[in-house]
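In what follows, chains are A, B, ... by sequence order, proteins preceding strands, each numbered from 1.
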Amino acid sequence: MLAFILRRLGQSVLVMLVVALIAFIMFRYVGDPIASMVGQEASSADREALRQQLGLNDPFYEQFFRFITNALQGQFGISYRLQQPVTELILSRLPATIELAFTSALLALVFGVGFGVFAALRPKTISTAAIMTGSLIGVSLPTFLIGIALIYVFAVELQWLPSFGRGQTVQIGWWRTGLLTESGLRSLILPAITLSLFQMTLIMRLVRAEMLEVLRTDYIKFAKARGLSSRAINFGHALKNTLVPVITITGLQLGSVIAFAIITETVFQWPGVGSLFINSVAVVDVPVMAAYLMFIAFVFVVINLTVDILYYVVDPRLRVSGPARGH
Amino acid sequence: MRTKLTGIAAALLASSMLVSAASAETVRWARASDALTLDPHAQNQGVTHTFNHHIYETLLIRDLEGNLIPRLATEWYLKEGDDTVWVFELREGVTFHNGNEFTAEDVVFSLDRARSDTSNMRQLHADVAEVRAVDDYTVEVQMNGPSPLYPNNVTNTFMMDKDWSEENDVVAVQDFGAGEDNYAVRNTNGTGPYELVSREVDVESVLEYYEGWWGETPEVTEIIYLPIAENATRVAALLSGEVDIVQDVPVQDVERLSSSEGFKIETGPENRTIYFGYKMTDEPLASSNITDANPFADTRVLEAMSLAVDRNAIQQVVMRGQSIPTCVNVPPFVNGWTEELDACPETDLDRARELMAEAGYADGFSVTLDTPNDRYVNDEAIAQAVVGMLGQIGIDVTLVSRPIAQHSPIILNNETDFYLLGWGVPTFDSAYNFNDLVHTKGEEYGTYNIGLYSNPELDEKIVQLGTMTDLEARDALIAEIWATVQEDHVFLPVHNQVLAYAMRDDITLPVHPENQPSMTSVTFE
């Protein structure tokens with residue numbers, strides 16, 4: 001068990017390093033940070049001086065090494081755009097993204113499982129046809145368009161919900177939450193729906209397919225033969241057995257929900273790390289971009305590591321193969 | 001009884017609403033981006049200056065027509081008998097938000113801070129040798145030589161409180177190499193009409209009227225500043241009544257908003273010209289099929305291109321009317337602009353083809369055009385239109401479009417053959433353009449001379465402009481330089497940008513030529 005975890009940890013560190021390296025190679029092609037840091041009046045000499053001061057003239061490997069040593073000490077430098085410490089910026093934006101991501105994941109899970117089960121149990125009804133068609137729209141329409149459409153309908157035309165921002169927030173320790181105020185909750189609805197649609201349809205289709213599969217298995221037939229109630233069969237046996245892959249997928253998707261919140265955050269001016277990243281890309285704010293990419297890599301690595309460890313605990317076959325090799 | 005109580009309550013409510021309408025108005029003001037910093041000398045950028053103008057003040061400022069008017073300085077003049085010294089007489093009775101009095105030592109401190117090494121404003125004060133206080137309300141600025149136009153450079157240089165800055169250790173401007181941020185990035189103490197109440201970067205900033213302000217009490221007493229990056233969301237926020245004023249209105253929404261009930265659009269010319277430039281050296285172009293010569297080195301080709309570009313069509317189709325076609329790359333507020341320079345010849349394809357043939361390019365040539373796609377209004381679409389127009393005289397243009405962050409290094413390193421750029425003139429004087437765009441490229445001059453145009457005779461005249469104090473002779477020289485620049489077709493100007501602000505129809509915010517509107521100028525109906 002320990003060896004397994006250590007091996008996985010080692011791989012995780014390697015992944016983080018590779019992400020940092022790729023990010024650094026990319027930064028050479030995203031543009032020149034100096035151009036957006038100085039005014040139109042700055043002379044070539046001034047620009048050169050600033051470039052020198054920021055260490056942008058140093059060879060690639062030197063910049064990379066400096067970044068890694070600083071990052072290991074939790075130092076990501078000062079944002080070129082906002083002149084504030086990057087770590088602080090990301091931490092202050094993180095609660096908004098996490099609240100949005102978890103709310104959408106929850107929405108996706110609840111509605112995805114619900115609709116999926118319904119579609120599997122009543123495969124030939126009109127409602128199922130409607131849900132399946134609706135889910136096609138969910139996967140094929142771009143998030144951007146869904147967001148704008150929701151804003152147009154619910155904010156501009158009906159004026160029920162706010163079109164942008166996070167509403168009023170409450171500070172609890174370092175965490176700034178929007179979940180405790182009415183305007184905060186109202187602001188959360190549209191972005192959460194927008195962000196959850198894709199995951200929701202994904203989970204729904206997965207649950208439906210798994211469920212149909214399970215319903216055909218022998219033990220369901222035996223359960224029916226034993227005269228169990230259909231509720232016990234459907235939810236006690238069938239659904240329970242479909243949930244393993246669903247939970248895995250949902251867990252893994254949580255990483256992408258956090259990472260792909262970028263577009264939703266931009267459309268709704270949601271003050272999370274995604275919109276911070278987009279604003280930074282436009283002006284080549286390298287310290288923020290680097291820290292954000294490392295953060296996303298970290299999220300994925302942690303989730304994968306947790307899933308791996310859980311599998312190890314849950315799935316006996318993995319445990320057997322370990323010691324078996326020792327003989 | 002109950003109805004009576006409700007009646008009283010309603011009356012009370014109504015009266016309190018009336019009172020608040022007369023004495024306190026809140027304006028929710030949305031823009032595409034947030035101010036980058038509150039440190040007044042750390043960034044030389046329009047959005048940041050516009051925001052900071054509400055908290056901090058400058059010695060002089062520009063009015064809606066672009067004229068210099070007094071602000072913290074009431075008078076300014078060249079010292080008698082010494083044309084290298086500018087004298088500023090300061091407004092008396094001005095206090096900072098913390099109650100400290102505003103005096104000459106604050107001006108000396110602020111100007112010294114603005115010209116320090118880590119300041120981004122220092123280029124505007126490059127010719128200053130020393131700043132000294134004569135008495136509490138008089139400041140002398142000693143220049144390195146005669147600098148007749150120096151007052152033009154101080155309209156965005158904000159005055160800070162010396163004592164406050166020393167107390168909070170912000171005597172120096174933010175240093176990017178340092179590991180910590182500067183106190184002044186997030187805290188303010190200005191003399192301006194509004195005080196900072198709260199600020200969450202990229203989310204919301206709240207400003208409140210400063211009771212001790214020296215000016216006339218503005219109608220707006222509270223400002224809620226809301227950056228909304230996405231165009232569609234920003235417009236939706238106005239339509240849904242969540243914001244009152246939208247400063248950055250996308251061109252495609254101008255018409256829709258002006259015809260929507262309850263909203264209106266204010267438009268006005270911006271101090272920014274959109275133009276094309278080309279590499280003018282003798283070496284062949286890197287991106288052209290002509291490998292033995294540079295077609296752009298031939299003035300006839302350049303004239304043909306200018307004749308082929310239909311500026312009116314660009315105005316009507318690409319800009320939906322929201323631009324002012326021009327043939328000189330300075331906007332009308334700028335000293336040196338004339339109607340003759342501005343006037344364009346009729347688009348004439350036949351003559352253009354003739355000129356191409358005379359220059360030996362009857363069959364045309366190919367070239368790559370670099371354009372930004374997120375910097376100016378419809379920048380990429382303008383470039384696309386010009387590609388089509390030049391195609392008609394045989395110039396086969398390949399368009400390469402990039403975000404400004406990637407476009408900038410390419411043009412600043414002169415790695416382009418043909419490019420689009422926009423240019424504003426913050427000093428409102430043509431010399432600014434000549435220094436940066438026309439003078440041969442070097443350490444201090446010609447930073448944006450991307451086409452590497454070089455004319456030693458003009459260089460001499462441009463340098464001479466910098467120190468001329470006889471304004472009449474100076475204007476004559478400016479006209480002379482413009483004549484040569486136009487004759488040589490150094491630029492291919494297209495139009496001046498138009499600014500559009502959208503707002504609730506009971507509010508009026510006039511358009512400022514530098515796109516730096518003040519909420520003190522807002523009026524309610």
(Q) At a 4.5 Å cut-off on heavy atoms, which part of B:Arg234 comes close to chain A: side chain, backbone, both, or neither? (A) neither

Show me, pair by pair, the donor-acceptor contacts under 3.5 angstrom made by side chains of residues 430-438 of chain B, not counting sequence neighbours?
unit_1, atom_1, unit_2, atom_2, d
B:Ser430, OG, B:Asn335, O, 2.6
B:Ser430, OG, B:Trp482, NE1, 3.0
B:Tyr432, OH, A:Gln40, NE2, 2.9
B:Tyr432, OH, A:Glu41, OE2, 2.7
B:Asn433, OD1, B:Trp423, NE1, 2.8
B:Asn433, ND2, B:Asn329, O, 2.9
B:Asn435, ND2, B:Ala431, O, 3.4

Q | Option in B:Gly446, B:Gly442, B:Ser408, B:Pro409 with maximal non-hydrogen atom pairs under 4.5 Å from chain A | A | B:Pro409

(Q) Whether the side chain of A:Gln269 engages the backbone of B:Pro227 through a donor-acceptor N/O pair (distance < 3.5 Å, no angle test) should be reported. (A) yes

**Q.** Note, B:Leu239 side chain near A:Tyr152 side chain (heavy atom, < 4.5 Å)
**A.** no

Q: Could you look at A:Arg166 and say if it's the side chain, the backbone, both or neither that has a heavy atom under 4.5 Å from chain B?
A: neither

Q: Name all pairs fulfilling the salt bridge (Lys or Arg N to Asp or Glu O under 4.0 Å) condition that reach into residues 39-51 of chain B, sequence neighbours left out, sorted by first residue then second.
A: B:Asp39-B:Arg113

Q.
With a 4.5 angstrom heavy-atom cut-off, is it the side chain or the backbone of A:Ala282 that approaches chain B, or both, or neither?
A. backbone

Q: Please answer whether the main-chain N or O of A:Val267 pairs with a side-chain N or O of B:Thr233 as donor and acceptor at a distance below 3.5 Å.
A: yes

(Q) Donor-acceptor check, side chain of B:Asn120 to backbone of A:Met37, threshold 3.5 angstrom: yes or no? (A) yes

Q. In terms of heavy-atom proximity below 4.5 Å to chain B, should A:Asn70 be classed as side chain, backbone, both, or neither?
A. neither

**Q.** Pair B:Asn182-A:Gln83, side-chain donor/acceptor within less than 3.5 Å
**A.** no

Q | Contact origin within B:Leu124 toward chain A - heavy atom pairs under 4.5 Å | A | side chain

Q: Please answer whether the main-chain N or O of A:Ser163 pairs with a side-chain N or O of B:Glu242 as donor and acceptor at a distance below 3.5 Å.
A: yes

Q. Given a strict heavy-atom distance threshold of 4.5 Å, which part of B:Glu204 is in contact with chain A: side chain, backbone, both, or neither?
A. neither

Q. Short question: side chain of A:Gln84, backbone of B:Val185 - any donor-acceptor pair under 3.5 Å?
A. no

Q) Salt bridge between A:Arg81 and B:Asp202, side-chain N to carboxylate O under 4.0 Å? A) yes

